[in-house]
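In what follows, chains carry the letters A, B, and so on, assigned in the order in which the sequence lines appear, proteins first and then strands, with residues in each chain numbered from 1.
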2 protein chains.
Amino acid sequence: MYAYHQLLSFTENILKKIGCPEADAQLGAKVLLSADLRGVDSHGVARLSGYVRLWEAGRINANPKLKIVHETPSTAVVDGDKGLGLVIAPQAMQIAMEKAEKAGTGWVSVKNSNHFGIAGYHAMMGLEKDMIGIAMTNASPLVAPTFSLERLLGTNPIAVSIPADKQPPFVADFATTTAANGKLEILQRKNLEAPYGWIQNREGAQSTNPHELKDGGALLPLGGDREHGSHKGYCLGAIVDIFSAVFSGANYGPWVPPFVSFLAPPADPVGEGIGHFFGAMRIDAWRPKEEFKSHMDNWITRFRSAKAIEGEKVLIPGDPERDMEAERMEKGIPLLAPVEKDLKELGARFGVEL
Amino acid sequence: MYAYHQLLSFTENILKKIGCPEADAQLGAKVLLSADLRGVDSHGVARLSGYVRLWEAGRINANPKLKIVHETPSTAVVDGDKGLGLVIAPQAMQIAMEKAEKAGTGWVSVKNSNHFGIAGYHAMMGLEKDMIGIAMTNASPLVAPTFSLERLLGTNPIAVSIPADKQPPFVADFATTTAANGKLEILQRKNLEAPYGWIQNREGAQSTNPHELKDGGALLPLGGDREHGSHKGYCLGAIVDIFSAVFSGANYGPWVPPFVSFLAPPADPVGEGIGHFFGAMRIDAWRPKEEFKSHMDNWITRFRSAKAIEGEKVLIPGDPERDMEAERMEKGIPLLAPVEKDLKELGARFGVEL
């Protein structure tokens with residue numbers, strides 16, 4: 001078990017060692033660790049050495065100059081200059097929020113970036129400013145559209161954060177697949193079978209083998225199969241891909257470069273890096289703030305108090321992650337043995353103590 | 001089989017008979033019939049007598065004065081004055097598009113409306129102006145959130161339309177449930193069982209009985225159950241509900257009034273009528289038009305040519321509906337016997353020949 005602040009300063013120090021300016025290292029570490037705090041272990045400090053390897057491969061620029069390359073009163077396209085997605089994303093969301101101050105809403109599409117941590121962090125930036133926040137990103141192709149044998153989409157998450165008053169905010173943050181890749185990784189490590197509806201094999205048949213992706217298989221869009229609406233999950237993943245990358249000039253579909261440094265990016269790119277999409281809407285662009293928030297409180301209270309299946313309760317999006325954050329802030333963050341080993345080796349290489 | 005123009009002018013004449021101004025009757029008929037053309041029979045002319053009954057019950061105002069009650073450069077809240085959703089929705093989308101002309105994007109939330117036909121029609125309005133179009137609506141509660149025994153959400157559809165160049169546009173239009181209510185109605189009529197994952201019974205257990213909703217059952221969010229990501233479908237339905245109704249001041253969640261006139265609206269409304277949400281984004285708010293469109297062509301071409309499961313092909317969202325529209329425009333629109341009978345009775349009452 002590691003204290004949050006211990007992992008935070010470790011990450012910050014590593015990012016400084018690879019050449020990130022102090023402020024970027026602080027921001028990037030905070031974004032990365034927000035995943036561990038919220039229980040999304042696959043997207044947190046476990047990925048730190050992956051980012052370092054991308055930097056070593058020359059695919060991450062530790063000291064980027066973010067540029068707005070196109071804009072209107074409510075939109076901007078941002079060139080992330082190959083920077084850490086962990087740093088470019090919150091800066092782009094900041095631009096969306098500044099647009100929203102003036103125009104009511106702000107929308108930013110980003111190219112030339114890479115993995116940005118958890119979408120929820122960026123969406124939740126709106127909360128302090130009484131704004132609805134939206135964050136999406138495309139990702140390297142692991143998902144087969146309905147009827148496809150090829151992997152053409154990433155797990156392409158969507159996060160939406162909506163402020164309330166006395167109630168905690170509504171925070172949805174989910175992959176547009178039946179199950180996030182992180183859940184599959186857990187099954188792989190434990191050698192457990194996956195439920196039907198999560199993955200298909202190389203022939204396009206449903207499979208319960210969590211290792212199927214190494215053998216030409218694919219994750220399935222939310223819905224799982226056509227009869228259960230996988231074309232809807234495919235639509236969602238496609239919308240995220242287009243908003244993030246066709247809007248901005250990033251790579252889309254099968255051209256999205258992989259996160260892992262040992263796989264080369266496609267030789268025929270259709271854009272630059274990976275793409276993200278952010279939105280910010282002032283709640284008072286819709287209704288007076290107090291009125292908006294009191295109705296959100298009413299919405300949340302009504303749903304949370306719904307009559308539930310025995311032994312269960314109806315959750316509000318964001319409830320489980322908030323509970324986890326409170327617990328891990330107090331008790332610390334558990335690391336799996338291989339992650340701990342990996343971080344210690346990383347620390348030793350850069351002269352940073354874990 | 002009825003010719004499109006025959007059903008269109010019948011609908012237009014009925015709408016004039018209930019007091020719609022000529023232009024509204026034309027627009028409303030066009031929107032309603034677009035569902036029949038696109039093969040969404042549950043949302044087309046089969047509902048015409050339902051709208052008339054709502055008008056008879058005093059719940060639809062045939063001659064509404066739509067009002068903008070709140071706005072910023074990129075947003076507006078519209079009061080639909082209890083008008084036909086079929087007429088209020090395209091007018092609200094028009095406002096979103098006018099905002100987008102100036103601000104790059106435009107976003108409109110609507111209260112005091114009712115059923116607006118198919119979401120896809122409104123989203124596709126953007127195509128002529130080289131805009132991305134977005135349309136959503138809440139609807140009367142038929143859907144149980146994950147673990148809920150109560151029905152708290154509608155089938156709350158999302159439509160997103162994106163222009164391309166030589167390729168036809170990308171048009172996604174889907175309910176945020178595993179299966180749309182219209183699909184269930186087909187099974188009910190034919191007395192066939194539903195697949196697991198579509199519905200639950202009054203105790204919250206999965207059921208294959210398509211009549212379960214009459215006995216306290218519910219439709220399930222996209223995903224079907226927790227293991228297959230139903231919490232994601234619940235998030236999507238909730239986002240549509242909040243954007244459509246908490247933003248605008250319409251009724252949300254279990255307070256949304258029913259479409260059928262024989263069920264009274266809840267006695268304790270939290271807003272006015274049902275709510276919709278529309279978005280318009282100029283494609284040149286992102287990139288030069290030709291560049292945007294050529295990348296959309298490339299996206300569409302790549303996905304459509306993907307290697308597919310034997311006997312199937314990878315579709316682009318909007319493909320099946322466009323094929324259906326071409327076919328029905330040429331060969332006519334089939335009506336089920338009870339729908340035909342219902343329309344003939346409606347025509348006889350109002351002195352309009354079918």
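Residue A/D173 holds its CG atom at 9.0 Å from SG of B/C235, rounded to the nearest 0.5 Å. A/I242 contributes atom CD1, which lies 13.0 Å from atom NE2 of B/H295 (distance to the nearest 0.5 angstrom). To the nearest 0.5 Å, the span separating CD1 on B/I309 from OG1 on A/T146 amounts to 9.0 Å. To the nearest 0.5 Å, atom CZ of residue B/F174 and atom NZ of residue A/K232 are 8.0 Å apart.
With no hydrogens or angles considered, a side-chain donor-acceptor pair links A/T105 and B/S74 at under 3.5 Å.
In this structure, no portion of A/I300 lies under 4.5 Å from any heavy atom of chain B. Contact annotation for B/F170: only side-chain heavy atoms (C-beta onward) come within less than 4.5 Å of a heavy atom of chain A. For A/I132, the part sitting under 4.5 Å from any heavy atom of chain B is the side chain, from C-beta outward, and nothing else. Of the atoms belonging to A/H228, heavy atoms from both backbone and side chain fall under 4.5 Å from chain B. At a 4.5 Å heavy-atom cutoff, the contact between A/D284 and chain B is made by backbone atoms alone. Within the 4.5 angstrom heavy-atom criterion, only backbone atoms of B/E203 (N, CA, C, O) approach chain A. In this structure, no portion of A/V78 lies under 4.5 Å from any heavy atom of chain B. Heavy-atom distances place the side chain of A/I162, and not its backbone, under 4.5 Å from chain B. Using a 4.5 Å cut-off between heavy atoms, A/A100 makes no contact with chain B at all. Heavy atoms of A/A103 lying under 4.5 Å from chain B belong to its backbone as well as its side chain. When heavy atoms are compared at a cutoff of 4.5 Å, A/A144 does not approach chain B at all. For a residue to count as touching a neighbouring chain, one of its non-hydrogen atoms must lie under 4.5 Å from one of that chain's; by this rule A/E310 does not touch chain B. For chain B, the nearby part of A/R226 is the side chain; its heavy atoms alone come within less than 4.5 Å. Only the backbone of B/A76 comes within contact range of chain A, judged by heavy atoms closer than 4.5 Å. Both the backbone and the side chain of A/S109 come within less than 4.5 Å of a heavy atom in chain B. Both the backbone and the side chain of A/W107 come within less than 4.5 Å of a heavy atom of chain B.
Of the listed residues B/M296, B/R282, B/E150, B/K102, the one with more heavy-atom pairs under 4.5 angstrom with chain A than any other is B/E150. In terms of non-hydrogen atom pairs under 4.5 Å with chain A, the most contact-rich of B/A245, B/P195, B/A172 is B/P195. Most heavy-atom pairs under 4.5 Å with chain A, from the set B/P145, B/G233, B/A179, B/A175: that is B/A175. Heavy-atom pairs under 4.5 Å with chain B peak, among A/I283, A/L236, A/I316, at A/L236. When the candidates B/E71, B/M281, B/K99, B/Q200 are compared by the number of heavy-atom contacts under 4.5 Å with chain A, B/M281 comes out ahead. By number of non-hydrogen pairs under 4.5 angstrom with chain A, the leading residue of B/G224, B/A238, B/G197 is B/A238. Among A/G229, A/G204, A/A308, the residue with the largest count of heavy-atom pairs under 4.5 Å with chain B is A/A308. Annotation: maximal heavy-atom pairing with chain A below 4.5 Å, among B/G249, B/A205, B/G271, occurs at B/G249.
When atom types are taken as modelled, the side chain of A/Y234 and the backbone of B/P317 share no donor-acceptor pair closer than 3.5 angstrom. A/R287 contributes a side-chain N or O that, together with a main-chain N or O of B/V246, makes up a donor-acceptor pair within less than 3.5 Å. Here the side chain of B/E312 pairs no donor or acceptor atom with the backbone of A/F147 at under 3.5 angstrom. Judged by distance alone, with hydrogens and angles left aside, the side-chain atoms of B/T72 form no donor-acceptor pair with the main-chain N or O of A/A285 at under 3.5 Å.
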> Where do B/V270 and A/W299 land on the side chain to side chain contact (heavy atoms under 4.5 Å, CB included) test, with the steps shown first?
Replying inline: CA-CA 10 Å; B/V270 293; A/W299 193 100; over 6 Å; no
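A/W286 places none of its side-chain heavy atoms less than 4.5 Å from the side chain of B/S248. For the pair A/P254/B/R302, a side-chain contact is recorded, criterion being any heavy-atom separation below 4.5 Å from C-beta on. The side-chain heavy atoms of B/L222 and A/L222, taken from C-beta on, include a pair separated by under 4.5 Å. Annotation: side chain of B/W255 is in contact with side chain of A/N298 (closest heavy-atom distance under 4.5 Å). A 4.5 Å side-chain heavy-atom check between A/V160 and B/F243 finds at least one atom pair inside the cut-off.
Across all their heavy atoms, A/A306 and B/L152 have their closest contact at CB-CD1, 3.6 Å.
Between B/F247 and A/F292, the angle of the ring planes lies from 30° to 60°, which puts this pair in the tilted group.
Salt-bridge formation is not detected for the pair A/K183/B/E227: no Lys NZ or Arg NE/NH1/NH2 atom is positioned less than 4.0 Å from an Asp or Glu carboxylate oxygen.
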